[in-house]
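A note on names: the letters A, B, ... follow the listed sequences, proteins ahead of strands, and every chain is numbered from 1. All values reported here derive from a predicted model rather than from experimental measurement.
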There are 2 protein chains.
Amino acid sequence: MQKRQDKKTRLQAIRLIVSSQALESQEDLQIELDKAGFPCTQTTLSRDLKQLRISKVRGRNGHSVYALPREGMFSPVMTREEKDKRCWRVVFSGNLMVVHTPPGHASMVAYDIDNAGSPYFLGTVAGDDTVLVVLQEDVKREVAREAIGEIVSQLA
Amino acid sequence: MQKRQDKKTRLQAIRLIVSSQALESQEDLQIELDKAGFPCTQTTLSRDLKQLRISKVRGRNGHSVYALPREGMFSPVMTREEKDKRCWRVVFSGNLMVVHTPPGHASMVAYDIDNAGSPYFLGTVAGDDTVLVVLQEDVKREVAREAIGEIVSQLA
DNA sequence: TTGTATTTTGCATAAAAATGCAATAAATCT
DNA sequence: AGATTTATTGCATTTTTATGCAAAATACAA
């Protein structure tokens, strides 16, 4: 067998390529990777993509393209209980809502809040275990509390 | 050909099944769907999944399961050009300004805001795609909006 | 070093998913 | 009603992706 190429670097190249172009098959990716100086087989690509947790997702047109995984994505295998536990405590201060979560889960919760499209929440900033949510000015805390409850348990 | 079953209903059933169990193949889905009273072929499923924009995503273990589409979940939903073109969304609440950016760009924007040396902005906190800017107490929103506009456009 | 374990990779092949074509049900038009 | 168009669906097949196995490079231990 020939001298191995640096796998780390190849994986990095794959990330780069996948994030910058819409590739529809491993064969296409293989071609691009080859251009970039990383020749390899479809077999290897299949394994690399698995390791990088890259999957094909459908655009509006129905076509599928490869895409990097985004944190905050959780598999449908997560149990109800696990999801409900994502949100620990909610307190308010001025027009800010402070959501406490388990360590490391803040970004996921923030992601869900952002994507819930609620009119009450203007935006979020996530740390490691805390999410800061900026409320619409005239929103009552009760309303906000209920809304966050729905988002967390609903996605749960 | 036999009497057709209601496609609408079948699609609904697929949504339900996919969102409640971790299925690894269309064949598995076919079996579940059959149990639910919607017998059909893999061919039909392939088409249904395409129409529903359901795709396989990888869990942490690397295994793939079908999952309903979630907006904004994957990067390629928006191309790089679209991201660059997208106009920043700026909203206010109290003496806070909330600046939305493309995913991962918040810290860069925050950095630029900090370094712009504007007297209107006391400080910033950046998440992944949101920057929280604390405004000087007596600053008018129009002024703030204009100021941020200048800072941001310098980036582009 | 020498021997052993682990990792990486490709080939051949299996498994999974997508699609061209054709048949026919259902809808629409005249 | 009868004719025409559109939508669904399955079969056969192709295309795409995953994997068992083996070879060889690299890492590791004694």
Side-chain angles (χ1 to χ4, degrees), chain A residues 1-19 21-69 75-77, chain B residues 1-15 17-19 21-69 74 76:
Chain A
M1 199 166 269
Q2 309 184 1
K3 185 180 192 306
R4 289 181 195 166
Q5 57 181 253
D6 184 7
K7 188 178 179 183
K8 283 257 177 64
T9 315
R10 187 183 64 235
L11 292 183
Q12 192 53 42
I14 291 176
R15 275 178 189 282
L16 220 67
I17 293 174
V18 165
S19 66
Q21 343 186 3
L23 301 167
E24 300 191 346
S25 71
Q26 295 181 4
E27 196 180 344
D28 288 349
L29 173 55
Q30 186 181 17
I31 292 170
E32 289 305 314
L33 214 45
D34 190 61
K35 288 183 191 169
F38 297 91
C40 67
T41 60
Q42 176 265 322
T43 300
T44 297
L45 280 188
S46 174
R47 289 168 180 144
D48 286 354
L49 293 175
K50 181 174 185 174
Q51 189 170 346
L52 292 170
R53 303 214 305 122
I54 289 174
S55 40
K56 276 174 98 165
V57 297
R58 297 177 201 273
R60 266 153 219 73
N61 45 26
H63 283 216
S64 287
V65 293
Y66 281 98
L68 296 175
S75 76
V77 220
Chain B
M1 201 167 269
Q2 309 184 359
K3 184 180 190 306
R4 290 181 195 166
Q5 55 180 256
D6 183 8
K7 188 178 179 183
K8 284 259 176 62
T9 315
R10 186 183 63 236
L11 292 183
Q12 192 53 42
I14 291 175
R15 275 179 190 281
I17 292 174
V18 165
S19 66
Q21 344 188 1
L23 301 167
E24 298 191 347
S25 72
Q26 295 181 4
E27 196 181 344
D28 289 348
L29 173 55
Q30 185 180 19
I31 291 171
E32 290 305 313
L33 214 45
D34 189 62
K35 287 183 192 169
F38 297 90
C40 67
T41 62
Q42 176 264 322
T43 300
T44 297
L45 280 189
S46 174
R47 289 167 180 145
D48 286 353
L49 292 175
K50 181 173 186 175
Q51 188 169 347
L52 292 171
R53 303 215 304 123
I54 289 174
S55 41
K56 278 174 96 166
V57 297
R58 296 179 202 270
R60 275 142 217 324
N61 47 26
H63 281 219
S64 288
V65 293
Y66 282 98
L68 296 176
F74 298 99

K.L.:
Should B:R10 be listed as having a side-chain N or O under 4.0 Å from OP1 or OP2 of D:dT9?
P.N.:
yes
K.L.:
In terms of the nearest nucleotide of DNA chain D, which residue is placed more toward the 5' end: B:R47 or A:L45?
P.N.:
B:R47
K.L.:
Would you mind telling me which of D:dT19, D:dT16, C:dA16 lies closest to the side-chain atoms of A:S46?
P.N.:
D:dT19
K.L.:
Measure the CD1-OG distance between A:I31 and A:S25 for me, rounded to the nearest 0.5 Å.
P.N.:
7.0 Å
K.L.:
Does OP1 or OP2 of C:dA17 have a side-chain N or O of B:K56 closer than 4.0 Å?
P.N.:
yes
K.L.:
Round to a whole Å and report the spacing from CG of B:L49 to P of C:dT19.
P.N.:
13 Å
K.L.:
Contacts to DNA chain D from residues 29-43 of chain A, heavy-atom cutoff under 4.0 Å, which residues?
P.N.:
A:Q42, A:T43
K.L.:
Indicate the atoms forming the closest heavy-atom contact of B:R58 with A:R53, along with that distance.
P.N.:
O-NH1, 2.8 Å
K.L.:
About how many Å separate CD of B:Q42 and CG of B:L49, when rounded to the nearest 0.5 Å?
P.N.:
9.5 Å
K.L.:
To the nearest Å, how far apart are A:L11 CG and C:dT7 P?
P.N.:
15 Å
K.L.:
Below 4.0 angstrom from OP1 or OP2 of C:dA26, is there any side-chain N or O of B:K7?
P.N.:
no
K.L.:
From A:C40 SG over to A:Q26 CD, what is the distance, rounded to the nearest 0.5 angstrom?
P.N.:
10.0 Å
K.L.:
CG of A:D48 versus C1' of D:dT19: gap in Å, rounded?
P.N.:
15 Å
K.L.:
In whole angstroms, how far is the C1' atom of C:dG10 from the CD atom of A:Q26?
P.N.:
15 Å
K.L.:
Could you state the CG-C1' distance from B:D6 to D:dA7, rounded to the nearest angstrom?
P.N.:
13 Å
K.L.:
Give a yes or no on whether the backbone of B:E24 and the side-chain of B:K56 come within a donor-acceptor separation of less than 3.5 Å.
P.N.:
yes
K.L.:
To the nearest Å, give me how far apart NZ (B:K8) and C1' (D:dA7) are.
P.N.:
12 Å
K.L.:
Hey, is the side chain of A:Y66 poking within less than 4.0 Å of OP1 or OP2 on D:dT16, counting only N and O atoms?
P.N.:
no
K.L.:
Report the distance from atom CD1 of A:I54 to atom CG of A:L29, rounding to the nearest 0.5 Å.
P.N.:
7.5 Å
K.L.:
Considering just the side-chain nitrogens and oxygens of B:R58, establish if one lies under 4.0 Å of OP1 or OP2 belonging to D:dT17.
P.N.:
no
K.L.:
In whole Å, what is the span from the CD atom of A:E24 to the P atom of C:dA17?
P.N.:
18 Å
K.L.:
Between D:dA18, C:dA17, C:dT19, which one does the side chain of B:S25 approach most closely?
P.N.:
C:dA17
K.L.:
A:F38 and side chain to side chain contact (heavy atoms under 4.5 Å, CB included): which single residue from A:I17, A:L33, A:T44 fits?
P.N.:
A:L33
K.L.:
Give the rounded distance in Å between these two atoms: NZ of B:K50 and C1' of D:dA7.
P.N.:
16 Å
